[in-house]
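Notes to accompany the following structure.
Computed from a predicted model, the values in this text were never measured in an experiment. Chain naming here is simple, since letters A, B, ... match the order of the sequence lines and numbering starts at 1 in each. Side-chain atoms are counted along with the backbone in the values below, which use heavy atoms only and exclude waters and symmetry mates.
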Number of protein chains: 2
Amino acid sequence: MKNMKKTHPYHHGNLRVELLQVAQKILLEKGVEEVTIREIAREIGVSHAAPQRHFRNRQDLLDSLAVQGFSQLEKVLKAGSLDSEVPLLERLNNAALSFAHFAADNAALFELMNSSKCCDDKLGVMKEASESAFSPILELIISGQEQKIIQSGNPLKIGLVLYATLLGITTMVNGELIERDRLDDFVLDSMDHFLKGYRY
Amino acid sequence: MKNMKKTHPYHHGNLRVELLQVAQKILLEKGVEEVTIREIAREIGVSHAAPQRHFRNRQDLLDSLAVQGFSQLEKVLKAGSLDSEVPLLERLNNAALSFAHFAADNAALFELMNSSKCCDDKLGVMKEASESAFSPILELIISGQEQKIIQSGNPLKIGLVLYATLLGITTMVNGELIERDRLDDFVLDSMDHFLKGYRY
DNA sequence: ACCTGAACACCGTTCAAGT
DNA sequence: ACCTGAACACCGTTCAAGT
């Protein structure tokens, strides 16, 4: 494993992308602590100073990982909510379950995405990424309101309360305060409750 | 600041407690990254190896900090919910606000408390501490059910959904995804919604 | 424009030795 | 039982120098 040094040209050409790939792999397999500039560089076979051309510092790399995570989450949510064959409330449940499963299956990444520390200058990008990930759920709520399935009211606010509930549940599961095999049950329960409050 | 070396006896006598105090101070003032064994030891004026008698390693110290945090949260929740002059639903709202304010005012500590990584052998203690902190809210829900203000049903489950919602909202505020000055508004809104679903 | 190698200041952790 | 000092292996970050 130590001597995997691939034969790279002096100019790697694709280093930024590969740095993020390897970083995410380490993050998921071994946790944030192990996501170190030097270890990533080692794995790729590049000097430990090379990454600095692409990321100002370690935090900058972690931030980029989080942004990437949000766009992965967005894809998952879209997949779970776009199928218009299925009735809207069911799609909402599916989206909620997709969210929860993504969080549970990528615990370390998800925790990073919801961590409070990030470079000040990346706060804007981060917010955009998370709002974008959140948008499929927002769409469902707006559709629900149009179809008179969900009560009228600021959809953004309604959506954020829903998002917060799911975020809380998954955080508790990842912290092992709720058993993993009760996750689906909890999510569906809270969705029922959510709808009881907002349904016509 | 560097030469504050107090005149300690060789045996400090109270080191464990002081380590935790200084650690929490650094955590709140400068963030987790800065909570280092060596910095804490320096501040107290003891050798950097001394803490190892009291905490197996850095994670063990962070875990203890989290447990301490839960008991602080418990106090805050009790204070906000015990005043029996006030009607029960109002006490529930107060407890929710107390929870949110604790989380926002002690962001780094709160994040640590809800972080997924902790020594395997401390998982039990951590779970107990968090359940204990949660108990005042559980009590309120049970009282509410007895007084026929809140619907019957597993109070633990109802409470966990409420807890999750609050946890999610505060996580989003601490991650600056929701503006801090909208915190109270969000909390009260979600409490309204919570009660709409569970009230008689 | 991109990467290397050496240097620096910081960590956590261990362990023989001191009190 | 508790603490010290030195040692070790690891970091992140910087910067002159190489391609």
- [ ] Whole angstrom is fine here: how far is it from CD in B/Glu33 over to C1' in D/dG12?
- [x] 11 Å

- [ ] Send over the distance from B/Leu61 CG to C/dT13 P, rounded to a whole Å.
- [x] 10 Å

- [ ] Measure from the side chain of A/Glu39, starting at C-beta and using heavy atoms only, and say which of C/dT14, C/dC3, D/dC11 lies closest.
- [x] D/dC11

Open item on the list: In whole Å, I'd like the distance from the CD1 atom of A/Ile37 to the P atom of C/dC11.
Closed with: 18 Å

TODO: Could you give me the stems involving DNA chain C, meaning stretches of three or more consecutive Watson-Crick or G-U wobble pairs whose two defining distances are both below 3.5 Å?
DONE: C:4-8 with D:12-16, C:12-16 with D:4-8

Open item on the list: Side chain of A/Arg58, heavy atoms from C-beta onward: which of C/dT13, D/dC3, D/dG12 has the nearest atom to it?
Closed with: D/dG12

Open item on the list: Rounded to whole Å, please give me the gap between CG in B/Leu62 and C1' in C/dG12.
Closed with: 12 Å

Open item on the list: Rounding to an integer number of Å, can you tell me how far A/Asn57 CG sits from C/dC10 C1'?
Closed with: 16 Å

Task: Passing candidate, side-chain contact (heavy atoms from CB on, under 4.5 Å) with A/Val22, options A/Val35, A/Ile40, A/Leu27 - done: A/Ile40

TODO: May I have the distance from B/Glu34 (atom CD) to C/dC11 (atom C1'), rounded to whole angstrom?
DONE: 12 Å

Task: Under-4.0 Å side-chain N/O to phosphate OP1/OP2 contact, A/Thr36 with D/dG12 - done: yes

Task: N-O pairing of A/Glu179 and B/Lys127 below 4.0 Å - done: yes

Open item on the list: From C-beta outward on B/Arg38, which listed nucleotide comes closest to its side chain: D/dT4, D/dT13, C/dT13?
Closed with: C/dT13

Open item on the list: For the residue pair B/Gln72 / B/Gln24, report whether a side-chain donor-acceptor contact shorter than 3.5 Å exists.
Closed with: yes

Task: Which residue lies more 5' along DNA chain C, comparing B/Arg56 with A/Gly13 via nearest heavy atoms - done: A/Gly13

- [ ] Specify the separation, in whole Å, of atom CZ of B/Arg53 and atom C1' of D/dC3.
- [x] 8 Å

Open item on the list: Looking at B/Lys78 and B/Glu74, is there a salt bridge between them, counting it only when a charged N and a carboxylate O are closer than 4.0 Å?
Closed with: yes

- [ ] Using the six-membered ring wherever Trp is involved, compare the ring planes of A/His193 and B/His193 and label them parallel, tilted or perpendicular (cut-offs 30° and 60°).
- [x] parallel

Open item on the list: Can you tell whether the side chains of A/Arg56 and A/Asp63 come within less than 4.0 Å, N to carboxylate O?
Closed with: no

Open item on the list: Just N and O in the side chain of A/Arg42: are any of them under 4.0 Å from OP1 or OP2 of D/dC11?
Closed with: yes

Task: Length of the CZ-C1' vector between A/Arg16 and C/dC3, whole Å - done: 17 Å

- [ ] Answer yes or no: does a side-chain N or O of A/His48 lie under 4.0 Å from OP1 or OP2 of D/dC10?
- [x] no

Open item on the list: For the aromatic rings, using the six-membered ring if either is Trp, is the centroid distance between A/Phe134 and A/Phe70 under 6.0 Å?
Closed with: no

- [ ] Identify which nucleotide among D/dC3, C/dT4, C/dT13 has an atom closest to any side-chain atom of A/Ser47, counting heavy atoms from C-beta outward.
- [x] C/dT4

